[in-house]
Amino acid sequence: MQIDALPAARPPDPREDPLRAQAVELEAFLFAELLRVSGTGSPSPAGGGATQFDSFLRQAQAESVASSGQTGLAEAIWRSLSKGE
């Protein structure tokens with residue numbers, strides 16, 4: 001007997017709300033900075049030390065996490081900012 005998993009909740013489309021898009025961008029920026037200062041991002045494809053492309057890799061990772069909506073940080077930021085409107 002196979003149990004079907006529930007479909008993952010799709011995060012709201014940030015293109016529908018500019019404030020939500022800004023919240024997602026802020027989350028991505030914060031996450032990229034956390035990866036940078038902690039040194040825990042994926043290793044450089046070149047191996048060894050840091051390369052000039054590592055910042056692009058960190059940014060892509062951060063944008064992927066932020067756009068997935070799984071951390072809830074962008075949602076919390078959006079809710080906080082939308083209360084002020």
Side-chain angles (χ1 to χ4, degrees):
M1 180 163 106
Q2 181 179 353
I3 299 175
D4 293 329
L6 293 174
R10 200 175 121 240
D13 188 355
R15 293 174 292 185
E16 296 173 6
D17 183 357
L19 188 58
R20 187 179 297 273
Q22 289 295 310
V24 171
E25 285 183 33
L26 179 57
E27 179 182 355
F29 171 78
L30 293 172
F31 191 67
E33 284 301 299
L34 286 172
L35 288 173
R36 183 183 65 80
V37 299
S38 68
T40 57
S42 293
S44 172
T51 71
Q52 66 270 26
F53 299 108
D54 287 352
S55 64
F56 295 113
L57 178 59
R58 281 191 302 269
Q59 188 63 35
Q61 291 169 331
E63 288 173 1
S64 178
V65 169
S67 65
S68 75
Q70 295 207 1
T71 65
L73 182 58
E75 182 69 18
I77 293 168
W78 176 78
R79 284 183 185 167
S80 177
L81 291 174
S82 64
K83 287 179 183 178
E85 292 183 334

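Contact record, Ile77 with Ala23: CG2-CB, 3.8 Å, taken as the closest heavy-atom pair. The heavy-atom pair separating Ala32 from Ala62 by the smallest distance is N-CB, 3.5 Å.
Salt-bridge annotation for Glu75 and Arg20: present, with a side-chain N of the basic residue lying under 4.0 Å from a carboxylate O of the acidic one.
Residues Leu57 and Gln61 are in side-chain contact: their nearest non-hydrogen atoms beyond the backbone lie under 4.5 Å apart. Side-chain contact check for Asp17 versus Trp78: some heavy-atom pair is nearer than 4.5 Å.
The backbone N or O of Val65 sits less than 3.5 Å from a side-chain atom of Ser68, completing a donor-acceptor pair.
The CZ atom of Arg79 sits 12.5 Å away from the CG atom of Leu81 when rounded to the nearest 0.5 Å. Distance check: Glu27 CD to Glu63 CD gives 11.5 Å after rounding to the nearest 0.5 Å.
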